[in-house]
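Along the sequence shown, residues carry numbers from 1. Each ligand, and each atom within it, is numbered from 1 in the order the structure gives.
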Amino acid sequence: MDESQVSAAELPLARFLARCHAEYSRDQSGEVAAYIPELALADPAHFGIAVTTVDGYVYEIGDSTVEFTIQSISKAFVFALALETVGAERVESIVGVEPSGDAFNSIRLGSDNRPFNPMVNAGAIACTGLICEREQDGAFDWLLQALSRFAGRRLEVDEPTFRSERESGDRNRAIAYLLRNHGVLQGDVDQVLDVYFRQCALRVSARDLSVMAATLAHKGRNPLTGEQVVSSYAVARTLSVMTSSGMYDSAGRWVYRVGIPAKSGVGGGIVASLPSQLGLGTYSPLIDDQGNSIRGLRTCEALSTHFGLHMLNRVGDVRTCIAASYDVGSVSSRRSRPPREQAILEAHHGEGAILELTGALSFGNIEYVSRRIRNLRDGLRYLILDFRRVPSVSEASLRLLADVLDDLAQAHVEVVFSGIPRGTPIEQSLSEWLTDRPAVRSIGLLDEAIEWAEDRIIHSETGDLELGTSTDLHEQELLRGLDDDELSALTALLVQREYRTGERLISAGETASSLMFVMSGIVSVRLQSGVRLATLSAGMAVGEMALLETARSADVWADTKVVCLELALDAFARFRAGHARAGEKIMANLARLLAKRLIVANNKIEVLASY
Ligand code: DON
């Protein structure tokens with residue numbers, strides 16, 4: 001069943017969130033914030049929860065689309081944007097990263113006269129000041145657009161709340177003047193505060209917050225829009241300060257009990273972002289005396305405890321990053337090889353190895369892969385690393401991989417990357433990286449890469465490949481064992497056919513009336529989807545299954561100019577009537593060819609199923 005057909009309420013996480021919602025709705029403790037008069041108008045009964053997974057599935061329960069003002073939650077995202085735009089050095093020159101242990105609106109600065117961290121008002125106002133320095137009069141519009149990209153929709157300012165905070169914001173004004181006195185803030189205090197009050201007055205819902213948190217959890221890429229909003233560098237630093245300072249005075253207890261980077265706002269919202277997994281957004285305006293939403297805190301704690309989400313409680317086995325490991329002897333490409341070439345590949349199977357990688361690759365995985373490669377090294381000449389199941393590669397793992405590749409180059413092992421998924425972030429990171437390493441080839445499909453390695457192995461043994469060369473009927477496997485009289489009787493029935501490159505010899509679905517012996521050129525057997533089943537060359541037969549079953553199951557295309565000899569089925573029936581022994585030999589040859597193909601297919605199943 002497609003996941004869109006499952007109603008969210010039936011999913012286990014939806015059931016759990018519904019239970020949290022029902023239970024914590026009964027908790028009436030806490031107060032609606034009143035120090036900004038407009039906030040006092042919030043409905044204390046409102047309670048919404050939303051979770052967005054990093055693959056973009058949104059769970060929602062209760063008042064998840066009710067809008068409220070983002071308040072301090074904006075601080076986390078503005079910090080990420082400041083890192084991204086003005087750079088870590090400048091940001092760190094004006095704001096620290098230490099938990100203050102003070103309330104969010106404390107007027108105390110650190111001993112170096114910088115705000116303690118970007119999650120308290122002083123640090124947040126300093127970060128907003130950096131954006132103002134850079135964007136001048138366009139600062140708020142710039143921030144609005146950037147914060148909207150985190151949410152995946154255009155956010156708007158709640159004008160009454162903005163005005164209410166501007167009118168009642170003397171404490172923040174005091175902080176801002178103090179910052180300017182110490183050179184942390186430059187320019188016009190009122191302009192910076194206007195932008196800060198507006199950013200705090202942006203209207204969001206619990207659903208929006210969950211998407212914004214999921215964007216952080218997804219290394220800065222919005223899982224609904226696919227947009228890369230900030231770099232993973234900015235995300236990692238933002239999540240760090242959310243972990244140490246996101247929940248103000250209760251930050252220590254938060255890390256200890258919940259262990260998910262989070263940020264709260266006096267408007268009643270909380271965001272929590274668990275890297276690589278999910279973003280949580282909650283809304284309930286009843287807050288405790290530290291400014292954190294009580295029902296939101298309880299939801300986060302329950303979710304973390306029930307599902308074991310503490311960020312330090314990770315499971316994982318680096319070994320799962322190898323989906324399959326084999327050599328060219330146990331899994332061949334779909335190119336059918338003449339017996340001589342087949343024999344070369346069997347004798348030299350250890351020269352070509354394939355590692356099919358899977359999952360997001362980080363340091364631990366590639367460190368494990370590096371050891372596996374070292375164990376393959378004896379006699380290895382061609383190594384294929386397949387990436388079709390790899391969604392991402394961390395920079396650290398690329399550095400490690402670069403060392404592995406340097407060692408392989410020294411040992412004269414040629415490396416091919418195959419299956420890099422097109423149009424994905426990994427394509428971007430790998431292709432930039434590969435530009436600096438011209439020795440590493442990238443080949444689209446794993447099968448093509450295996451064929452390339454086979455060609456190299458055969459070529460280095462024979463000096464050439466037998467591809468496309470003409471051959472006489474004696475060499476046809478299907479006709480093996482026929483004597484000269486039988487062969488010449490059969491030859492009299494054959495009709496020569498020529499095909500241009502790209503022409504179709506056989507169409508799936510048709511009723512077969514003949515089979516063909518390839519005399520020169522290359523043909524491919526393909527499913528209608530385009531998937532290649534086999535590539536055949538001179539000396540092999542195509543459409544030979546027609547001797548057993550007349551419904552054509554696949555297309556056959558000429559990959560080059562092709563010459564074939566066609567044997568009509570009714571002509572073959574007449575031949576069999578007159579040459580019973582030869583007819584039996586041909587059918588026995590066919591049975592042997594099919595048995596060989598079955599053995600190859602079974603080998604592949606065994607190799608792939610053993611992982
Ligand atoms: O600066 C202020 O006071 C508000 N605009 C934001 C405060 C806030 O949300 C504190 N968080 N719990």
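Using a 4.0 Å cut-off between a side-chain N of Lys or Arg and a carboxylate O of Asp or Glu, Arg371 and Glu367 qualify as a salt bridge. Electrostatic pairing of Arg295 and Asp27 does not count as a salt bridge here, judged by no charged N lying under 4.0 Å from a carboxylate O. Between Arg388 and Glu356 there is a salt bridge, with a side-chain nitrogen of the basic residue lying less than 4.0 Å from a carboxylate oxygen of the acidic one.
Annotation: Asn292 places no N or O atom under 3.5 Å from an N or O atom of ligand 1; distance criterion only. Polar contact check, Gly291 against ligand 1: a nitrogen or oxygen pair lies under 3.5 Å apart. Here's the thing with Tyr196: one of its N/O atoms is less than 3.5 angstrom from an N/O atom of ligand 1. Geometrically, ligand 1 and Val266 share a nitrogen or oxygen pair separated by less than 3.5 Å.
The contact set between ligand 1 and Gly265, taken as ligand atoms under 4.0 Å from a residue heavy atom, comprises 9 (O), 11 (N), 12 (N). Atom numbering of ligand 1 starts at 1 in the shown order; those under 4.0 Å from a heavy atom of Phe104 are 3 (O), 7 (C), 10 (C). Close contacts between ligand 1 and Cys200 involve ligand atoms 5 (N) [criterion: under 4.0 Å to a heavy atom]. Proximity to Tyr35 (heavy-atom distance under 4.0 Å) selects the following atoms of ligand 1: 2 (C), 3 (O), 4 (C), 6 (C), 7 (C).
With a heavy-atom cut-off of 4.0 Å, Asn172 touches ligand 1 through its side chain alone. Both the backbone and the side chain of Ser72 come within contact range of ligand 1, each with a heavy atom under 4.0 Å. Contacts of Glu165 with ligand 1, taken as heavy-atom pairs under 4.0 Å, involve the side chain alone.
Inspection of the Asn172 and Asn121 side chains reveals an N or O donor paired with an N or O acceptor under 3.5 Å.
The number of heavy atoms from other shown groups lying within 6.0 Å of CG (Asp137) does not exceed 12. Applying the 6.0 Å contact sphere to CZ of Arg389 captures more than 12 heavy atoms from other residues, nucleotides or ligands. With a 6.0 Å radius and a threshold of 12 heavy atoms from other residues, nucleotides or ligands, Glu395 has its CD atom at or below the threshold.
Using a 4.0 Å cutoff on heavy atoms, Asn121 counts as a contact of ligand 1.
Geometrically, Arg437 engages Trp433 in a cation-pi contact defined by less than 6.0 Å to the ring centre and at most 45° from the axis.
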